[in-house]
Asker: 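My structure is below; once you've seen it, I'll send some questions.
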There are 2 protein chains.
Amino acid sequence: MNEIFLALSDPNRRKILQILKKRDMSAGEILKYFDIRGSSLSHHLDVLKKAELVTSQKKGKYIFYSLNASFLERVLTKFFNNLKK
Amino acid sequence: MNEIFLALSDPNRRKILQILKKRDMSAGEILKYFDIRGSSLSHHLDVLKKAELVTSQKKGKYIFYSLNASFLERVLTKFFNNLKK
DNA sequence: TTAATATTTAGATAACTATCTAAATAAAAA
DNA sequence: TTTTTATTTAGATAGTTATCTAAATATTAA
């Protein structure tokens, strides 16, 4: 749970999730939306992956990232339901 | 939006929200659930207040804190809905 | 009015993290 | 094979933050 909220606490990482909502993308494609170095993006993708908010799949020299929306929904729903009286 | 996720990214702050779900409590009452100094708790309460996740009301020498669950639900729902294709 | 209680504010410090550059790895193209 | 492209890893640095102690503020009790 902590890993997930830590992952969501960075604006760039939330933006990555938004970008991936339409379709899977390689790290290089995602990078076009940002003004940071590839290594910084790689770090963010790693945080998201460890939090299970994205998955990745290698295809040739590209690595494609996908949003794990179902997991995110489950987590947020559970978190909120636990806050009900 | 950023303030909210930053507020939620700390385990002690999420615990405060859990504690407040049953009933409003003064800072001193909340403090009993933690092994940190009052000044540290005060900092966390301030972060939560600025994120609008809690509200506070002074009563005599006590300050009572309340969970703003409706706001949190709206925010999380909106965030998740924006991640749908 | 003085003392005690409740909470916050100020200032310091240690730990954490987002970013960078440079180097490493891996696959594809020449 | 050598070079180029895609991505990650390693190591450094600057900025942020969670915590602490000490002091300030405000209210109630003696």
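Letters go in sequence order (proteins before strands), and every chain restarts at 1. Fair warning: this is a prediction, and the values are worked out from it, not measured in the lab.
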Asker: Which residues end up grouped with B:V47 if you chain together Ile, Leu, Val, Met, Phe, Trp and Tyr wherever their side-chain heavy atoms are less than 4.5 Å apart?
Answerer: none
Asker: Does B:D24 have any salt bridge (Lys or Arg N to Asp or Glu O under 4.0 Å) partners at least two apart in sequence or in another chain, and if so, which?
Answerer: none
Asker: Using the test salt bridge (Lys or Arg N to Asp or Glu O under 4.0 Å), find all partners of B:K50 that sit at least two apart in sequence or belong to another chain.
Answerer: B:D46
Asker: Under 3.5 Å, which donor-acceptor pairs do the side chains of residues 2-9 of chain A form with other protein atoms, sequence neighbours left out?
Answerer:
{"residue": "A:N2", "atom": "OD1", "partner": "B:R14", "partner atom": "NH1", "Å": "3.4"}
{"residue": "A:N2", "atom": "OD1", "partner": "B:R14", "partner atom": "NH2", "Å": "2.9"}
{"residue": "A:S9", "atom": "OG", "partner": "A:L6", "partner atom": "O", "Å": "2.7"}

Asker: Kindly state which residues belonging to residues 9-39 of chain B come within less than 4.0 angstrom of DNA chain C, counting heavy atoms of the residue only, listed by number.
Answerer: B:S26, B:A27, B:G28, B:G38, B:S39
Asker: Per the ring-ring contact (aromatic ring centres under 6.0 Å, His included) rule, what does the pair list look like for residues 21-51 of chain B, sequence neighbours excluded?
Answerer: none
Asker: Apply ring-ring contact (aromatic ring centres under 6.0 Å, His included) to B:Y65 and list each qualifying residue two or more places apart in sequence or on a separate chain.
Answerer: none
Asker: Just jot down the side-chain hydrogen bond (donor to acceptor under 3.5 Å, both in side chains) partners of B:N68, sequence neighbours excluded, or say none.
Answerer: B:S70
Asker: Please list each protein N or O that sits under 3.5 Å from an N or O in nucleotides 24-30 of chain C, with the distance.
Answerer:
none

Asker: I'd like to check the salt bridge (Lys or Arg N to Asp or Glu O under 4.0 Å) partners of B:R74; sequence neighbours left out, ordered by chain and number.
Answerer: none
Asker: Apply side-chain contact (heavy atoms from CB on, under 4.5 Å) to A:L72 and B:F79, showing your working.
Answerer: CA-CA 11 Å; A:L72 180 57; B:F79 172 70; 4.1 Å; yes
Asker: Reckon B:Y65 touches a base, only the sugar-phosphate, or nothing at all at heavy-atom distances under 4.0 Å?
Answerer: sugar-phosphate
Asker: Going 5' to 3' along DNA chain D, which nucleotides are the first and last within contact of chain A (any atom under 4.0 Å from a heavy atom)?
Answerer: D:dT5 to D:dT9
Asker: Among all residues two or more places apart in sequence or in another chain, which pass the salt bridge (Lys or Arg N to Asp or Glu O under 4.0 Å) test with B:E73?
Answerer: none
